[in-house]
Amino acid sequence: MIPVRVIALGSLMGRDDGAALVAARALEGDPSAEVILAGRPGPGLLDLLVPDRPAVVLDVIRRGAAPGRIVELDLAGLSDAAVMGDTLSSHGLGVASALRLGAALGRALPVGRFVGIGGVRFDPGDALTPDVAAGVEAMVAAARRAIAALDGKGTSCTSTV
Amino acid sequence: MTEEEKTYRVDLMTRVEGEGSFTLRIKDGEVLDARLAIFEAPRFFEAFLRGRAPDETVDIVARICGICPVAYQVGASRAFEHAFGVTLTPEIRALRRLLYCGEWIESHALHVYMLHAPDFLGYPGAVEMAADHRALVEQGLRMKKAGNQILEVLGGRATHPVSPRVGGFHAAPKKAALGPLREALARGLEDALATVRWSAALDAPDYVQDYVYVCLDDGDRYPIEAGDSVVVSGRDAVPLEAWGDAIREHHVEHSNALQARLTDGTPYLTGPMARLHHHAEKLHPIAREVMAEVGLGRSEGNPYRSIVVRAVETAHAFAEALDLVDGLVAPEPPFVAWVPRAAAGVGASEAPRGMCWHRYETDAAGLVTDARIVPPTSQNQARIEEDLRGLAPMLLAMDHDAATRRCEQLIRAYDPCISCATHFLDLRIEEDA
(Lines give C-alpha, C1' and ligand atoms only; values in the text may rest on other atoms or scores of the structure.)
Protein backbone atom coordinates (compact mmCIF):
# COMPACT_ATOMS: atom_id res chain seq x y z
CA MET A 1 0.00 0.00 0.00
CA ILE A 2 1.10 3.55 -0.62
CA PRO A 3 1.84 5.37 2.63
CA VAL A 4 0.14 8.67 3.32
CA ARG A 5 2.45 11.56 2.56
CA VAL A 6 2.91 13.78 5.60
CA ILE A 7 4.28 17.20 4.65
CA ALA A 8 5.47 19.37 7.52
CA LEU A 9 6.07 23.09 6.98
CA GLY A 10 7.97 25.68 8.98
CA SER A 11 11.38 26.48 10.39
CA LEU A 12 13.03 25.08 13.49
CA MET A 13 14.83 28.40 13.93
CA GLY A 14 11.66 30.47 14.15
CA ARG A 15 10.43 29.35 17.58
CA ASP A 16 6.77 28.30 17.20
CA ASP A 17 7.27 28.15 13.45
CA GLY A 18 8.98 24.83 14.09
CA ALA A 19 6.04 23.16 15.86
CA ALA A 20 4.80 21.24 12.81
CA LEU A 21 8.31 19.95 12.16
CA VAL A 22 8.62 18.79 15.75
CA ALA A 23 5.30 16.98 15.46
CA ALA A 24 6.31 15.40 12.16
CA ARG A 25 9.47 13.97 13.66
CA ALA A 26 7.30 12.03 16.09
CA LEU A 27 5.66 10.39 13.09
CA GLU A 28 8.88 9.23 11.47
CA GLY A 29 9.07 5.47 11.49
CA ASP A 30 5.31 5.08 11.18
CA PRO A 31 4.96 2.53 8.35
CA SER A 32 1.75 4.14 7.11
CA ALA A 33 3.36 7.54 6.68
CA GLU A 34 6.03 9.03 4.45
CA VAL A 35 7.22 12.04 6.41
CA ILE A 36 8.67 14.99 4.52
CA LEU A 37 10.12 17.85 6.52
CA ALA A 38 9.53 20.37 3.76
CA GLY A 39 10.55 23.55 5.53
CA ARG A 40 9.42 26.50 3.50
CA PRO A 41 8.94 25.12 0.01
CA GLY A 42 6.87 28.00 -1.36
CA PRO A 43 5.44 26.99 -4.73
CA GLY A 44 7.54 23.83 -4.49
CA LEU A 45 4.77 22.53 -2.25
CA LEU A 46 2.83 21.84 -5.44
CA ASP A 47 5.46 19.32 -6.47
CA LEU A 48 5.01 17.48 -3.18
CA LEU A 49 1.23 17.25 -3.52
CA VAL A 50 0.91 14.34 -5.90
CA PRO A 51 -2.67 13.71 -7.06
CA ASP A 52 -2.75 9.98 -6.35
CA ARG A 53 -0.98 10.26 -3.03
CA PRO A 54 -3.15 11.05 0.02
CA ALA A 55 -1.52 13.81 2.00
CA VAL A 56 -1.56 15.29 5.48
CA VAL A 57 -0.14 18.81 5.65
CA LEU A 58 1.13 20.00 9.02
CA ASP A 59 1.62 23.73 9.52
CA VAL A 60 1.63 26.48 12.12
CA ILE A 61 -1.11 29.10 12.25
CA ARG A 62 0.06 32.62 12.92
CA ARG A 63 -3.28 34.28 13.52
CA GLY A 64 -6.73 32.88 14.04
CA ALA A 65 -6.00 30.08 16.48
CA ALA A 66 -4.96 30.28 20.13
CA PRO A 67 -1.41 29.15 20.91
CA GLY A 68 -1.33 25.36 20.99
CA ARG A 69 -4.83 24.96 19.61
CA ILE A 70 -5.21 22.25 16.96
CA VAL A 71 -7.16 22.99 13.79
CA GLU A 72 -8.17 20.20 11.42
CA LEU A 73 -9.56 20.81 7.95
CA ASP A 74 -9.96 19.04 4.66
CA LEU A 75 -7.11 20.11 2.41
CA ALA A 76 -9.62 21.20 -0.19
CA GLY A 77 -11.23 23.58 2.29
CA LEU A 78 -8.07 25.27 3.42
CA SER A 79 -8.07 27.92 0.72
CA ASP A 80 -11.48 29.11 1.85
CA ALA A 81 -10.45 29.26 5.50
CA ALA A 82 -7.19 31.13 4.97
CA VAL A 83 -7.19 34.91 4.94
CA MET A 84 -4.90 37.31 3.13
CA GLY A 85 -2.12 36.98 5.66
CA ASP A 86 -1.08 33.79 4.01
CA THR A 87 0.13 35.71 0.99
CA LEU A 88 1.74 38.56 2.85
CA SER A 89 5.18 37.16 2.91
CA SER A 90 7.29 35.96 0.45
CA HIS A 91 8.84 32.88 -0.04
CA GLY A 92 5.68 33.74 -0.17
CA LEU A 93 3.44 31.10 -0.98
CA GLY A 94 2.13 29.42 2.10
CA VAL A 95 0.08 26.28 1.92
CA ALA A 96 -3.20 28.04 1.13
CA SER A 97 -1.69 30.15 -1.64
CA ALA A 98 0.09 27.16 -3.07
CA LEU A 99 -3.23 25.34 -3.23
CA ARG A 100 -4.83 28.34 -4.90
CA LEU A 101 -1.97 28.51 -7.38
CA GLY A 102 -2.38 24.83 -8.13
CA ALA A 103 -6.07 25.34 -8.77
CA ALA A 104 -5.35 28.30 -11.05
CA LEU A 105 -2.92 26.17 -13.02
CA GLY A 106 -5.45 23.39 -13.31
CA ARG A 107 -3.36 20.95 -11.35
CA ALA A 108 -5.09 18.08 -9.66
CA LEU A 109 -4.53 17.95 -5.92
CA PRO A 110 -4.57 14.91 -3.68
CA VAL A 111 -7.25 14.09 -1.20
CA GLY A 112 -5.93 15.10 2.17
CA ARG A 113 -6.18 16.76 5.53
CA PHE A 114 -4.67 19.85 7.03
CA VAL A 115 -3.59 19.81 10.67
CA GLY A 116 -2.50 23.14 12.08
CA ILE A 117 -1.37 24.36 15.46
CA GLY A 118 -1.71 27.92 16.70
CA GLY A 119 1.58 29.71 17.30
CA VAL A 120 2.44 32.98 19.00
CA ARG A 121 6.18 33.72 18.61
CA PHE A 122 8.06 33.55 15.33
CA ASP A 123 11.25 35.44 16.05
CA PRO A 124 14.63 33.69 15.70
CA GLY A 125 15.15 31.01 18.31
CA ASP A 126 14.82 27.28 18.66
CA ALA A 127 12.43 26.88 21.60
CA LEU A 128 8.67 26.55 21.27
CA THR A 129 6.61 28.69 23.63
CA PRO A 130 5.03 26.68 26.49
CA ASP A 131 1.46 26.58 25.17
CA VAL A 132 2.61 25.50 21.74
CA ALA A 133 5.02 22.91 23.12
CA ALA A 134 2.17 21.52 25.18
CA GLY A 135 0.01 21.29 22.07
CA VAL A 136 2.46 19.28 19.99
CA GLU A 137 1.29 15.98 21.44
CA ALA A 138 -2.28 16.77 20.40
CA MET A 139 -1.03 17.70 16.95
CA VAL A 140 0.70 14.35 16.61
CA ALA A 141 -2.49 12.60 17.69
CA ALA A 142 -4.52 14.58 15.17
CA ALA A 143 -2.03 13.74 12.45
CA ARG A 144 -2.26 10.04 13.32
CA ARG A 145 -6.06 10.22 13.09
CA ALA A 146 -5.79 11.92 9.71
CA ILE A 147 -3.37 9.29 8.45
CA ALA A 148 -5.70 6.51 9.59
CA ALA A 149 -8.69 8.22 8.01
CA LEU A 150 -6.88 8.40 4.69
CA ASP A 151 -6.26 4.68 5.00
CA GLY A 152 -2.65 4.97 3.95
CA LYS A 153 -0.71 1.82 4.57
CA GLY A 154 2.61 0.61 3.28
CA THR A 155 6.28 0.50 3.89
CA SER A 156 8.15 3.19 5.71
CA CYS A 157 9.87 5.70 3.50
CA THR A 158 11.19 8.54 5.57
CA SER A 159 12.60 11.60 3.89
CA THR A 160 14.27 14.65 5.29
CA VAL A 161 13.65 16.98 2.41
CA MET B 1 -2.20 78.86 -1.91
CA THR B 2 -2.84 75.66 -0.01
CA GLU B 3 0.16 73.45 0.20
CA GLU B 4 -0.65 69.92 -0.84
CA GLU B 5 0.94 66.98 0.91
CA LYS B 6 0.74 63.54 -0.59
CA THR B 7 1.58 60.37 1.21
CA TYR B 8 2.09 57.05 -0.52
CA ARG B 9 2.09 54.24 1.95
CA VAL B 10 1.80 50.48 2.10
CA ASP B 11 1.83 49.03 5.59
CA LEU B 12 2.44 45.45 4.61
CA MET B 13 4.08 44.91 1.28
CA THR B 14 3.25 41.78 -0.63
CA ARG B 15 5.46 39.82 -3.00
CA VAL B 16 8.68 40.62 -1.21
CA GLU B 17 10.77 38.23 0.82
CA GLY B 18 9.34 38.87 4.25
CA GLU B 19 7.42 41.72 5.75
CA GLY B 20 8.03 45.40 5.37
CA SER B 21 6.33 48.70 4.78
CA PHE B 22 7.15 51.93 3.05
CA THR B 23 6.09 55.54 3.33
CA LEU B 24 6.82 58.32 0.86
CA ARG B 25 5.67 61.83 1.80
CA ILE B 26 5.76 64.64 -0.74
CA LYS B 27 4.75 68.28 -0.17
CA ASP B 28 4.72 70.84 -2.96
CA GLY B 29 6.85 68.56 -5.05
CA GLU B 30 9.47 68.18 -2.34
CA VAL B 31 10.10 64.81 -0.73
CA LEU B 32 9.65 65.13 3.01
CA ASP B 33 10.30 61.53 3.89
CA ALA B 34 11.11 58.22 2.21
CA ARG B 35 11.20 55.25 4.52
CA LEU B 36 11.46 51.55 3.99
CA ALA B 37 10.77 49.82 7.28
CA ILE B 38 11.88 46.25 7.45
CA PHE B 39 12.34 43.38 9.81
CA GLU B 40 15.55 41.56 9.28
CA ALA B 41 16.63 38.34 10.91
CA PRO B 42 20.42 38.13 10.49
CA ARG B 43 21.13 40.60 13.29
CA PHE B 44 19.44 38.29 15.77
CA PHE B 45 21.37 35.32 14.45
CA GLU B 46 24.71 36.99 15.10
CA ALA B 47 24.21 36.71 18.85
CA PHE B 48 22.76 33.24 18.47
CA LEU B 49 25.97 32.02 16.80
CA ARG B 50 28.34 32.80 19.67
CA GLY B 51 29.75 29.61 21.16
CA ARG B 52 28.85 27.52 18.10
CA ALA B 53 31.27 25.33 16.18
CA PRO B 54 32.06 26.21 12.54
CA ASP B 55 30.03 23.45 10.89
CA GLU B 56 27.18 24.05 13.31
CA THR B 57 27.31 27.70 12.28
CA VAL B 58 27.10 26.74 8.61
CA ASP B 59 23.99 24.72 9.40
CA ILE B 60 22.39 27.46 11.49
CA VAL B 61 22.94 30.34 9.08
CA ALA B 62 21.17 28.32 6.39
CA ARG B 63 18.03 28.90 8.45
CA ILE B 64 18.29 32.67 8.09
CA CYS B 65 16.67 32.44 4.68
CA GLY B 66 14.48 29.82 3.08
CA ILE B 67 15.26 31.16 -0.37
CA CYS B 68 19.02 31.70 -0.22
CA PRO B 69 20.39 29.26 2.38
CA VAL B 70 23.38 28.46 0.17
CA ALA B 71 24.48 32.09 0.17
CA TYR B 72 24.66 32.06 3.95
CA GLN B 73 26.29 28.64 4.08
CA VAL B 74 28.94 29.54 1.53
CA GLY B 75 29.66 32.96 3.06
CA ALA B 76 30.15 31.40 6.48
CA SER B 77 32.19 28.50 5.11
CA ARG B 78 34.49 30.87 3.25
CA ALA B 79 34.99 32.95 6.37
CA PHE B 80 36.02 29.92 8.43
CA GLU B 81 38.22 28.67 5.59
CA HIS B 82 39.90 32.07 5.58
CA ALA B 83 40.34 31.91 9.35
CA PHE B 84 41.78 28.39 9.34
CA GLY B 85 43.91 28.74 6.21
CA VAL B 86 41.93 26.26 4.08
CA THR B 87 42.40 26.23 0.30
CA LEU B 88 39.76 24.35 -1.66
CA THR B 89 40.66 22.02 -4.50
CA PRO B 90 39.43 23.00 -7.99
CA GLU B 91 36.99 20.06 -7.87
CA ILE B 92 35.42 21.21 -4.62
CA ARG B 93 35.22 24.79 -5.90
CA ALA B 94 33.41 23.55 -9.01
CA LEU B 95 30.95 21.61 -6.88
CA ARG B 96 30.30 24.64 -4.68
CA ARG B 97 29.77 26.84 -7.74
CA LEU B 98 27.32 24.32 -9.20
CA LEU B 99 25.38 24.25 -5.93
CA TYR B 100 25.25 28.04 -5.96
CA CYS B 101 23.99 28.06 -9.57
CA GLY B 102 21.04 26.05 -8.27
CA GLU B 103 20.24 28.73 -5.74
CA TRP B 104 20.49 31.52 -8.32
CA ILE B 105 18.14 29.64 -10.61
CA GLU B 106 15.46 28.88 -8.03
CA SER B 107 15.61 32.33 -6.46
CA HIS B 108 15.71 34.30 -9.71
CA ALA B 109 12.92 32.19 -11.24
CA LEU B 110 10.78 32.73 -8.15
CA HIS B 111 11.33 36.46 -8.23
CA VAL B 112 10.90 36.98 -11.95
CA TYR B 113 7.71 34.97 -12.30
CA MET B 114 6.01 34.85 -8.92
CA LEU B 115 6.96 38.17 -7.35
CA HIS B 116 7.77 40.70 -10.06
CA ALA B 117 5.95 39.65 -13.24
CA PRO B 118 2.50 40.42 -11.78
CA ASP B 119 3.54 44.10 -11.58
CA PHE B 120 4.25 44.24 -15.27
CA LEU B 121 1.19 42.28 -16.34
CA GLY B 122 -1.23 44.06 -14.02
CA TYR B 123 -2.15 41.39 -11.50
CA PRO B 124 -2.23 41.56 -7.72
CA GLY B 125 -0.25 38.34 -7.47
CA ALA B 126 1.00 35.19 -9.15
CA VAL B 127 -2.12 33.21 -8.29
CA GLU B 128 -4.33 35.65 -10.18
CA MET B 129 -1.79 35.87 -13.01
CA ALA B 130 -1.67 32.09 -13.34
CA ALA B 131 -5.30 31.92 -14.37
CA ASP B 132 -4.59 33.98 -17.48
CA HIS B 133 -0.94 33.08 -18.11
CA ARG B 134 -0.76 29.42 -17.21
CA ALA B 135 2.07 28.54 -19.61
CA LEU B 136 4.15 31.45 -18.40
CA VAL B 137 3.78 30.52 -14.74
CA GLU B 138 4.44 26.85 -15.47
CA GLN B 139 7.63 27.91 -17.25
CA GLY B 140 8.77 29.77 -14.16
CA LEU B 141 7.90 26.87 -11.87
CA ARG B 142 9.75 24.47 -14.16
CA MET B 143 12.88 26.61 -13.96
CA LYS B 144 12.62 26.90 -10.21
CA LYS B 145 12.21 23.16 -9.92
CA ALA B 146 15.38 22.61 -11.96
CA GLY B 147 17.27 24.88 -9.57
CA ASN B 148 15.91 22.94 -6.64
CA GLN B 149 17.05 19.71 -8.30
CA ILE B 150 20.63 20.96 -8.17
CA LEU B 151 20.23 21.70 -4.47
CA GLU B 152 18.76 18.27 -3.85
CA VAL B 153 21.46 16.39 -5.75
CA LEU B 154 24.38 18.34 -4.31
CA GLY B 155 23.02 19.62 -1.04
CA GLY B 156 20.97 16.63 0.05
CA ARG B 157 17.72 18.59 0.00
CA ALA B 158 16.33 21.75 -1.59
CA THR B 159 15.40 23.56 1.60
CA HIS B 160 18.36 24.21 3.85
CA PRO B 161 20.88 21.88 2.19
CA VAL B 162 22.71 19.63 4.65
CA SER B 163 25.76 18.59 2.65
CA PRO B 164 27.80 21.84 2.61
CA ARG B 165 30.43 22.14 5.32
CA VAL B 166 33.54 24.14 6.01
CA GLY B 167 36.12 22.93 3.48
CA GLY B 168 33.63 21.49 1.02
CA PHE B 169 30.87 18.90 1.34
CA HIS B 170 30.00 16.03 3.64
CA ALA B 171 29.37 13.93 0.54
CA ALA B 172 29.86 14.46 -3.17
CA PRO B 173 27.30 13.29 -5.71
CA LYS B 174 28.12 10.42 -8.00
CA LYS B 175 28.30 11.42 -11.61
CA ALA B 176 25.49 8.99 -12.43
CA ALA B 177 23.17 10.99 -10.20
CA LEU B 178 23.69 14.01 -12.41
CA GLY B 179 22.21 12.45 -15.56
CA PRO B 180 18.56 13.34 -14.93
CA LEU B 181 19.68 16.70 -13.64
CA ARG B 182 21.38 17.49 -16.93
CA GLU B 183 18.16 16.90 -18.79
CA ALA B 184 16.29 19.33 -16.55
CA LEU B 185 19.04 21.92 -16.92
CA ALA B 186 19.02 21.70 -20.71
CA ARG B 187 15.27 22.32 -20.74
CA GLY B 188 15.75 25.05 -18.16
CA LEU B 189 18.28 26.86 -20.31
CA GLU B 190 15.77 27.05 -23.14
CA ASP B 191 13.18 28.36 -20.69
CA ALA B 192 15.67 30.91 -19.36
CA LEU B 193 16.49 32.22 -22.81
CA ALA B 194 12.78 32.56 -23.51
CA THR B 195 12.47 34.42 -20.23
CA VAL B 196 15.11 36.93 -21.28
CA ARG B 197 13.29 37.62 -24.53
CA TRP B 198 9.91 37.88 -22.76
CA SER B 199 11.14 40.14 -19.98
CA ALA B 200 13.02 42.44 -22.36
CA ALA B 201 9.75 43.17 -24.13
CA LEU B 202 7.96 44.22 -20.94
CA ASP B 203 6.97 47.85 -20.67
CA ALA B 204 9.12 49.36 -17.91
CA PRO B 205 8.75 52.88 -16.51
CA ASP B 206 11.40 55.29 -17.78
CA TYR B 207 13.51 55.86 -14.67
CA VAL B 208 17.29 55.78 -14.93
CA GLN B 209 19.51 56.29 -11.89
CA ASP B 210 23.22 56.91 -11.49
CA TYR B 211 24.25 54.03 -9.25
CA VAL B 212 27.38 53.21 -7.35
CA TYR B 213 27.55 49.52 -8.23
CA VAL B 214 29.12 47.17 -5.67
CA CYS B 215 29.91 43.48 -6.07
CA LEU B 216 32.61 40.87 -5.62
CA ASP B 217 35.48 40.36 -8.03
CA ASP B 218 36.36 36.73 -8.72
CA GLY B 219 39.09 37.20 -11.31
CA ASP B 220 38.09 35.99 -14.74
CA ARG B 221 34.85 34.40 -13.53
CA TYR B 222 31.45 36.01 -13.16
CA PRO B 223 31.16 36.39 -9.38
CA ILE B 224 28.86 33.84 -7.81
CA GLU B 225 30.21 31.78 -4.93
CA ALA B 226 33.57 33.45 -4.42
CA GLY B 227 35.63 36.61 -4.72
CA ASP B 228 38.40 38.11 -2.64
CA SER B 229 37.86 41.79 -3.31
CA VAL B 230 34.96 44.17 -3.73
CA VAL B 231 34.65 46.41 -6.77
CA VAL B 232 32.98 49.79 -6.31
CA SER B 233 32.09 52.14 -9.16
CA GLY B 234 34.48 55.07 -9.38
CA ARG B 235 36.56 53.95 -6.42
CA ASP B 236 39.44 51.64 -5.73
CA ALA B 237 38.68 47.97 -5.17
CA VAL B 238 38.44 46.97 -1.51
CA PRO B 239 40.02 43.76 -0.17
CA LEU B 240 37.37 41.51 1.31
CA GLU B 241 38.93 41.75 4.77
CA ALA B 242 38.55 45.54 4.66
CA TRP B 243 34.93 45.68 3.49
CA GLY B 244 33.61 45.94 7.04
CA ASP B 245 35.58 49.15 7.44
CA ALA B 246 34.64 50.49 4.00
CA ILE B 247 31.00 50.77 4.96
CA ARG B 248 29.17 52.33 7.85
CA GLU B 249 26.14 50.50 9.21
CA HIS B 250 23.70 52.50 11.27
CA HIS B 251 20.32 52.09 12.81
CA VAL B 252 17.49 54.20 11.49
CA GLU B 253 14.52 54.90 13.66
CA HIS B 254 11.95 53.39 11.35
CA SER B 255 13.59 50.01 10.80
CA ASN B 256 15.19 47.34 12.91
CA ALA B 257 17.66 46.47 10.17
CA LEU B 258 20.98 48.24 9.88
CA GLN B 259 21.39 50.44 6.82
CA ALA B 260 24.77 50.27 5.13
CA ARG B 261 26.41 53.12 3.21
CA LEU B 262 29.95 53.77 2.10
CA THR B 263 31.91 55.60 4.77
CA ASP B 264 31.36 58.91 2.95
CA GLY B 265 27.61 58.37 3.26
CA THR B 266 26.99 57.27 -0.30
CA PRO B 267 24.26 54.65 -0.75
CA TYR B 268 25.15 51.90 -3.17
CA LEU B 269 23.58 49.13 -5.20
CA THR B 270 24.45 45.47 -4.92
CA GLY B 271 22.86 42.63 -6.85
CA PRO B 272 22.33 41.57 -10.47
CA MET B 273 22.67 45.06 -12.00
CA ALA B 274 25.92 45.66 -10.15
CA ARG B 275 27.32 42.29 -11.20
CA LEU B 276 26.41 42.90 -14.82
CA HIS B 277 27.91 46.38 -14.76
CA HIS B 278 31.27 45.20 -13.49
CA HIS B 279 31.51 41.76 -15.07
CA ALA B 280 29.30 41.47 -18.17
CA GLU B 281 32.19 40.23 -20.30
CA LYS B 282 32.56 37.23 -17.96
CA LEU B 283 29.05 35.93 -18.55
CA HIS B 284 28.68 32.58 -20.31
CA PRO B 285 28.75 33.11 -24.10
CA ILE B 286 25.15 31.91 -24.34
CA ALA B 287 24.07 34.57 -21.87
CA ARG B 288 26.12 37.26 -23.60
CA GLU B 289 24.55 36.31 -26.91
CA VAL B 290 20.97 36.63 -25.70
CA MET B 291 21.86 39.84 -23.89
CA ALA B 292 23.05 41.32 -27.17
CA GLU B 293 20.01 39.95 -28.98
CA VAL B 294 17.61 41.86 -26.73
CA GLY B 295 19.77 44.99 -26.65
CA LEU B 296 20.61 44.94 -22.95
CA GLY B 297 23.70 46.97 -22.08
CA ARG B 298 26.03 46.17 -19.23
CA SER B 299 25.20 49.33 -17.30
CA GLU B 300 21.45 49.11 -16.94
CA GLY B 301 20.51 52.06 -14.74
CA ASN B 302 16.75 51.52 -14.70
CA PRO B 303 15.77 49.48 -11.63
CA TYR B 304 12.52 48.49 -13.30
CA ARG B 305 14.61 46.67 -15.91
CA SER B 306 16.34 44.56 -13.30
CA ILE B 307 13.92 41.80 -14.24
CA VAL B 308 15.76 41.48 -17.56
CA VAL B 309 19.16 41.42 -15.86
CA ARG B 310 17.92 38.75 -13.49
CA ALA B 311 16.71 36.70 -16.46
CA VAL B 312 20.12 37.02 -18.13
CA GLU B 313 21.80 35.83 -14.95
CA THR B 314 19.40 32.90 -14.84
CA ALA B 315 20.44 31.94 -18.36
CA HIS B 316 24.06 32.25 -17.28
CA ALA B 317 23.46 30.01 -14.27
CA PHE B 318 21.78 27.34 -16.37
CA ALA B 319 24.53 27.42 -19.02
CA GLU B 320 27.30 27.32 -16.47
CA ALA B 321 25.57 24.58 -14.47
CA LEU B 322 25.42 22.46 -17.62
CA ASP B 323 29.14 22.98 -18.20
CA LEU B 324 29.90 22.14 -14.58
CA VAL B 325 27.82 18.97 -14.68
CA ASP B 326 29.55 17.88 -17.88
CA GLY B 327 32.99 18.51 -16.42
CA LEU B 328 32.33 17.30 -12.91
CA VAL B 329 35.01 15.28 -11.22
CA ALA B 330 33.72 14.04 -7.87
CA PRO B 331 36.27 15.13 -5.27
CA GLU B 332 37.60 12.42 -3.00
CA PRO B 333 37.49 13.21 -0.17
CA PRO B 334 34.78 15.83 -0.76
CA PHE B 335 36.25 18.27 1.72
CA VAL B 336 39.57 19.72 2.78
CA ALA B 337 40.34 18.90 6.40
CA TRP B 338 41.04 21.81 8.73
CA VAL B 339 42.30 22.44 12.23
CA PRO B 340 40.48 24.96 14.41
CA ARG B 341 42.41 27.83 15.92
CA ALA B 342 41.90 31.23 17.44
CA ALA B 343 41.53 33.45 14.41
CA ALA B 344 39.39 35.89 12.49
CA GLY B 345 38.16 35.30 8.98
CA VAL B 346 35.97 36.95 6.37
CA GLY B 347 34.04 35.42 3.52
CA ALA B 348 31.48 36.59 1.02
CA SER B 349 29.49 35.40 -1.92
CA GLU B 350 27.01 36.86 -4.36
CA ALA B 351 23.57 35.91 -3.11
CA PRO B 352 20.90 36.18 -5.80
CA ARG B 353 19.96 39.64 -4.52
CA GLY B 354 23.50 40.87 -3.80
CA MET B 355 26.72 40.50 -1.90
CA CYS B 356 26.46 38.75 1.47
CA TRP B 357 29.49 39.37 3.69
CA HIS B 358 30.44 37.43 6.84
CA ARG B 359 33.12 37.87 9.50
CA TYR B 360 33.74 35.50 12.39
CA GLU B 361 36.19 35.36 15.24
CA THR B 362 36.95 32.02 16.87
CA ASP B 363 38.67 30.81 20.02
CA ALA B 364 41.36 28.12 20.12
CA ALA B 365 38.72 25.39 19.84
CA GLY B 366 37.23 27.06 16.78
CA LEU B 367 34.07 28.18 18.58
CA VAL B 368 32.57 31.45 17.43
CA THR B 369 33.28 34.37 19.75
CA ASP B 370 31.99 37.09 17.45
CA ALA B 371 29.90 37.13 14.28
CA ARG B 372 28.98 39.84 11.82
CA ILE B 373 26.78 39.29 8.79
CA VAL B 374 26.02 42.03 6.28
CA PRO B 375 23.23 40.76 4.02
CA PRO B 376 22.41 42.32 0.65
CA THR B 377 19.10 43.87 1.60
CA SER B 378 20.62 45.95 4.40
CA GLN B 379 23.16 47.18 1.87
CA ASN B 380 20.47 48.07 -0.66
CA GLN B 381 18.04 49.60 1.80
CA ALA B 382 19.43 53.14 1.66
CA ARG B 383 19.59 52.95 -2.13
CA ILE B 384 15.94 51.86 -2.27
CA GLU B 385 14.97 54.91 -0.23
CA GLU B 386 16.98 57.15 -2.58
CA ASP B 387 15.17 55.61 -5.53
CA LEU B 388 11.82 56.29 -3.86
CA ARG B 389 12.83 59.93 -3.39
CA GLY B 390 13.80 60.23 -7.02
CA LEU B 391 10.48 58.82 -8.09
CA ALA B 392 8.52 61.77 -6.69
CA PRO B 393 8.17 63.85 -9.88
CA MET B 394 6.83 60.86 -11.77
CA LEU B 395 4.35 60.03 -9.03
CA LEU B 396 2.81 63.49 -8.89
CA ALA B 397 1.47 63.04 -12.39
CA MET B 398 -0.24 59.77 -11.48
CA ASP B 399 -3.36 58.93 -9.52
CA HIS B 400 -2.73 57.88 -5.95
CA ASP B 401 -3.29 54.14 -6.31
CA ALA B 402 -1.19 53.88 -9.46
CA ALA B 403 1.57 55.90 -7.81
CA THR B 404 1.55 53.63 -4.78
CA ARG B 405 1.80 50.57 -7.01
CA ARG B 406 4.70 52.19 -8.85
CA CYS B 407 6.53 52.54 -5.53
CA GLU B 408 5.85 48.92 -4.65
CA GLN B 409 7.08 47.79 -8.04
CA LEU B 410 10.29 49.73 -7.52
CA ILE B 411 10.95 48.11 -4.15
CA ARG B 412 10.18 44.68 -5.54
CA ALA B 413 12.69 45.31 -8.34
CA TYR B 414 15.39 44.91 -5.71
CA ASP B 415 14.02 41.49 -4.71
CA PRO B 416 14.46 42.53 -1.09
CA CYS B 417 14.79 39.70 1.37
CA ILE B 418 13.21 41.66 4.14
CA SER B 419 12.90 38.91 6.62
CA CYS B 420 12.90 35.26 6.40
CA ALA B 421 9.68 34.84 8.23
CA THR B 422 7.55 33.03 5.77
CA HIS B 423 4.62 30.89 4.85
CA PHE B 424 2.68 32.19 7.83
CA LEU B 425 -0.85 31.06 7.75
CA ASP B 426 -3.69 33.20 9.04
CA LEU B 427 -7.00 31.47 9.44
CA ARG B 428 -10.46 32.86 9.86
CA ILE B 429 -12.28 30.46 12.14
CA GLU B 430 -15.94 30.98 12.85
CA GLU B 431 -16.85 29.70 16.25
CA ASP B 432 -20.28 28.33 16.99
CA ALA B 433 -22.14 30.40 19.54
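A note on names: the letters A, B, ... follow the listed sequences, proteins ahead of strands, and every chain is numbered from 1. All values below were derived from every heavy atom in this structure, side-chain atoms included, with hydrogens, water molecules and symmetry-related copies excluded. Because the structure is predicted, anything quoted here is derived from the model rather than measured.
With salt bridges taken as basic N to acidic carboxylate O contacts below 4.0 Å, none links B:Arg52 and B:Asp59.
Within 6.0 Å of CD in B:Glu183 there are 12 or fewer heavy atoms belonging to other residues, nucleotides or ligands.
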A:Asp47/A:Arg107 under salt bridge (Lys or Arg N to Asp or Glu O under 4.0 Å): CA gap, chis, key distance, verdict: CA-CA 10 Å; A:Asp47 297 321; A:Arg107 294 193 184 186; 3.7 Å; yes
Test log, rule salt bridge (Lys or Arg N to Asp or Glu O under 4.0 Å), inputs B:Arg134 and B:Glu138: CA-CA 6 Å; B:Arg134 185 181 294 188; B:Glu138 289 285 12; over 6 Å; no
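Residues A:Pro43 and A:Leu101 are in side-chain contact: their nearest non-hydrogen atoms beyond the backbone lie under 4.5 Å apart.
For the side chain to side chain contact (heavy atoms under 4.5 Å, CB included) with A:Leu58, the qualifying choice from A:Leu21, A:Ile7, A:Leu9, A:Leu27 is A:Leu27, the only one to do so.
With chain B as the partner, the residue from A:Asp126, A:Leu46, A:Leu45 showing the most heavy-atom pairs under 4.5 Å is A:Asp126.
The contact list for residues 139-151 of chain B toward chain A, using heavy atoms and a distance under 4.5 Å, reads B:Leu141, B:Lys144, B:Lys145 by residue number.
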